[in-house]
Each structure stands twice: as structure tokens, then as C-alpha cells.
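Remarks on the structure that follows.
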2 protein chains.
Amino acid sequence: MGAASQQLEQLSETCSHCSLNYLCLPYGLSQDDVSELERLVSPGTPVAMNAELFGQGDTLTDLYAIRDGSMKTVVVDEDGLEQILGFYYPGDLLGLDGFADQHHHCTAVALESTRVCRIPVDRLDRLVDKLPSLRHQIMRLMSQALSDEERLLLTLGRKNSEGRISSLLLTLSRRREMRGLDPSPVSLSMKRSELANFLSMRLETVSRVLTRLQRDGVIRVRQSRVDILDREALRSRSSRGAWAADQS
Amino acid sequence: MGAASQQLEQLSETCSHCSLNYLCLPYGLSQDDVSELERLVSPGTPVAMNAELFGQGDTLTDLYAIRDGSMKTVVVDEDGLEQILGFYYPGDLLGLDGFADQHHHCTAVALESTRVCRIPVDRLDRLVDKLPSLRHQIMRLMSQALSDEERLLLTLGRKNSEGRISSLLLTLSRRREMRGLDPSPVSLSMKRSELANFLSMRLETVSRVLTRLQRDGVIRVRQSRVDILDREALRSRSSRGAWAADQS
DNA sequence: CGTAGGGTTGAAGAGTATCAAAGGCGGTGG
DNA sequence: CCACCGCCTTTGATACTCTTCAACCCTACG
């Protein structure tokens, strides 16, 4: 199964043949519509590690879909506080929060050497006029992003440190499966300090929790690679230690 | 100014004459387009206090715009954890997170006696096909919702209890201004326990912080009514006590 | 081989949660 | 109209998780 699922990450220069299209913009479109879509996509733009794809405040010109690699998005408020909003992997779409006022509300940075497909919004907008199925898919993806953030709010708000780390590992594992990869060796391509920022913890606490989970035989940590040894234990730790579902 | 701004909350049975239309779906539409829109809107459906407008998992049939009153949205995860996602006021649109899979991902409950405008999604969808400006506005509103949640993530993730309460009060005040009301007497129509849940605190902590802010002359609390006495102090407390914008 | 950045581990302290009890406020019924 | 009751809120004392500060370790890389 390992070899077979690796094959799924074979990429193509066209959306029609891209193995990730069912996660991405083309999902739900007819063959003809996908052909129209792929005419305006520039595939394979490279982004170097630590380079910005777009910055908070930049004018919205393109949406981006990740082909391979990984990225993070960060928002900085007026007090200089910095919060990582999410980590993104192949098939994920970036830039959707820019429709509000035609400006990006966060900064996107590559966690490793990454390639993205670039989709100009003005041409996309004209195509959306013609293709209701494309409009539906974009709204589905925005709605999806909303739901994902709601889930994150729940995790950060109601779980303790062990619950947060466990939830994150399970989520990353599940997302690997959705891309057709093996669920188990999760690659933490971000630094401990980035994990901590994302989960609203301190990096020392992240380290301690990972150590504890390893000591108890739930996971195995080897630098950035994390093997999930006992999925069930991880699941139970992701809910235990959570705060009571208190009174109305 | 109090009287004048009160007038702005005069409501009408039609979107064209509704004083909140610049916050709501009609924004950016031509007069003719608004007329088309208002033909499919049922204005003024009443929702009793504590009644559900829609429930998590329900099929998405309508979007809702609040006319007067207030609501909260709640999400419950598989472990029974409950998280309040937001509080909503006149002009706010509810149900946008249901486009992902045609089901609501949260439950909407009235905090007081509330009236909402009901907008059937199937008819809205057909109208969106005809009116690009309406599509733009819906995407703007979804994008806006995304940005709002990102801001909430930042507040919950990086601020201590005093910072969270202060931020919330300032936000509620700002939203009153956007609706043309006086910024100062903020009405906390939700219970302390709901505030606590929303801000990921315990209700005792909420109470202590409010007491402290009142003792220091920043606000005055009288049951559900909160006067903001020193806006600048509130602003500084909303950022002080926040965690460091730590290393990359 | 030596340095630097990231990661781990340890001890002390702050901020909240938790448990417990008392204090208002509104609603109901006598 | 007043008294009682229940729910929400406030206040206090204690416990615990996580942060903070500090030192050390490891791995990558010139």
C-alpha cells in the first residue's frame, strides 16, 4: 500500500491529470470545464523555503494551490502579536480570505521548498460567471475553510496541551490519508516554535508533551518525522483532559 | 446623537429601505438588483429567546440575516465539547458555513427575542447566477467571516484573560458603531457562562476581570449593561498581558 | 573540529481552574 | 403586595497546569 499510495502524488502539468484535483478547484467540474480552468492556471511556480508567497496587506491578484511541499499562514495584529493560522499541504488552496477587500489578510510562507499553481483571480472571476459548478466549488472550499477554523477554535479553546498536540497529529495524519498517502509517518516540517505558536503553547511545553507521548509508547519522534504507534491512545488523549461541556 | 443614531435602526419590510442593507446582502447591488433580491426574502421571522434557528447537522435550506435581537452559534464535537463560535447582531448573516456540504456545521440560538430575515438558498443560488455583484457580495461576506475568525484565533491564542475581555468589549462597541449606534453602553445579552465559553475562560474568571475593570474605573457594569468609561485604558489592557511575539 | 540554531530537560513562579459558599435578581404563588 | 424559590453572579481559598528562566544537549554545516 505504501508504494501504491506514493504513486498518487504523481503530478501533472494539467488539472485534468493532477492526482489532487478531487481536493482542489476542479472537483465537481465536467471534463470540459476543467479544460477551461486549466488554461488559466500556471502550474509549478517554485517557492523557496522561508520565502513569502504573499504578504499580509498585499493586493489580491492570484489564488494558489499547493502542488508539493508545505506552507504556513501567519497574521500579525496592530500590537505586533503573531499567530500562525494554519499549515497547508498539496491540494490546499491559499488566498481565499482576500476576497473580503481584495487584500490578503495574512502572510503565506513556505516551510520547505514548495511548488504552487497560480490562478489569477480576474480570469477566475470571469470563468466563474460562466460555470456555476466552479462557483459552487469555490464556495464549498470557503465554507470548508470556515468549518476548519471553527474546529481549530474548539481545539484551542477546550483542550489542554496534550489534547492539542494529539489532535494536531491526528489531523495531519488524516490529511495525509485524504491525499492518498500512508497515515503514519507524519512529517512535522515546521519548527517546534511554530507548532507552539499555532497551538498557543510555549515551545518547551510542546517538547515536553512530545517526549511524554513517546515515553508512553503512543508515538515515536525522530527529528521531524513522527510515527503514530497507537492511534487509539492518541485519540483518547486528544479528548481527555478537555474541559467540561459546562452548563448552558 | 443618541436619538439620531437610534433612528438608524428603523427597519423596513424591504431590503431597499432597510437601514442595515450596507452591512448585509444588498451591499454593492444596484437598485434593480436589490429589488430582485428582496422578492425572495421573508422578512421578520420571530425567534423566541433560547430557541434554535437551525441546528448542527440540519440540511441547509436558508440563510438568515438578523433584523433585531442577537444570536449565538455553537458547535459540539464528537466528545461532547461545546464551543460558542460567535455572537451575532442586526445586519449579520448566518448559515454561510453550510455551503461546504449543504448542512449546517453549528447550531444558532437566540439570546433574546429576535427577528430574522429568511433567504432560501435555492432561489438565492439561481439569482446569484444572474447577478455577479451578488456573487461578489456573498464571497465578500464569507471572506469577512474567515477574517473575523482569524482575528478571534489571535485573541484567544495570544492574550490573557483581561486582554480577551477587553478585546471583546471593544469589538462589541465597534460593531455597535457600524450599525450607527452609540459605542458606549454595550449590552451583554449573553450570560457570564456563555461569555466564558466563547473566550475559553471560566465564568468565575470572567466575573473577576469585569469586577477589576470596574474597580479601576475603566468600565461600569450594571447587570447586562456595560458602560465604557475609559476607551484608551481598555485598548491598552486589550494588548498588554499578551504573550510575546516570539522568535520565528 | 568548532560553532550556531534548534531542541530537550530542570526548577521556580504566575495565572487560572476548581471547589465552596454567599449574595443579588427576577419570577411565581400565596 | 410580599415572601419564597431558583438561577445567575460574585467572592474567597486552594490546587494545578503551564509559563518562565536557565542550563545543557544534539545535529547540521562550514
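Numbers restart at 1 for each chain; the letters A, B, ... are given by sequence-line order, proteins then strands.
As rounded to whole Å, 12 Å separates atom P of C:dT8 from atom CE of A:M201. The CG-P distance, from B:N160 to D:dC18, rounds to 17 Å in whole Å. A:R192 places its CZ atom 14 Å from the C1' atom of C:dG5, with the value rounded to the nearest Å. Atoms CG (B:L195) and C1' (D:dT10) sit 15 Å apart, rounded to a whole Å. Rounded to an integer number of Å, the gap from CE of B:M49 to C1' of D:dC7 is 12 Å. In this structure, CZ of B:R164 is placed 11 Å from C1' of C:dG15, rounded to the nearest angstrom. A straight line from NZ of A:K191 to P of C:dA4 spans 17 Å, rounded to a whole angstrom. When the P atom of D:dC8 is taken as reference, atom CZ of B:R202 falls 15 Å away, rounded to whole Å.
Across all strands shown, A:S224 has no heavy atoms under 4.0 Å from either base or sugar-phosphate atoms.
Other residues, nucleotides and ligands contribute only 12 or fewer heavy atoms inside 6.0 Å of the CZ atom of B:R151. Summarising the local packing, CZ of A:R212 is surrounded by more than 12 heavy atoms from other residues, nucleotides or ligands at distances under 6.0 Å.
A donor-acceptor pair shorter than 3.5 Å cannot be found between the side chains of A:R176 and A:S184. Side-chain contact of A:S167 with A:K159: a donor-acceptor pair under 3.5 Å is present, judged by distance alone. In this structure, a donor-acceptor pair under 3.5 Å is absent between the side chains of A:T114 and A:R67.
B:R192 pairs by the salt bridge (Lys or Arg N to Asp or Glu O under 4.0 Å) definition with nothing, not counting sequence neighbours. Residues meeting the side-chain hydrogen bond (donor to acceptor under 3.5 Å, both in side chains) test with B:S189, sequence neighbours left out: B:S70.
A side chain to side chain donor-acceptor pair (under 3.5 Å) check over residues 48-61 of chain B, counting only residues at least two apart or in different chains, returns nothing.
In this structure, A:R174 does not pair ionically with A:E177, as no charged nitrogen and carboxylate oxygen lie closer than 4.0 Å. Of the charged side-chain nitrogens involved, at least one lies within less than 4.0 Å of a carboxylate oxygen, so that B:D216 and B:R237 count as a salt-bridged pair.
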Between N or O atoms, less than 3.5 Å apart, protein on one side and nucleotides 9-11 of chain C on the other: list the pairs.
{"residue": "C:dT9", "atom": "OP2", "partner": "A:T211", "partner atom": "OG1", "Å": "2.7"}
{"residue": "C:dG10", "atom": "N7", "partner": "A:R208", "partner atom": "NH1", "Å": "2.9"}
{"residue": "C:dG10", "atom": "O6", "partner": "A:R208", "partner atom": "NH2", "Å": "3.1"}

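Helix-axis bend for the helix from C:dA14-D:dT17 to C:dG30-D:dC1: the local axis fitted to the five terminal pairs at one end deviates from that at the other end by 20°, rounded to 10°.
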Can you check side chain to side chain contact (heavy atoms under 4.5 Å, CB included) on B:H105 and A:S143, steps first, answer last?
CA-CA 10 Å; B:H105 284 200; A:S143 193; over 6 Å; no
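For DNA chain D, none of the residues of residues 212-223 of chain B falls under the heavy-atom distance limit of 4.0 Å.
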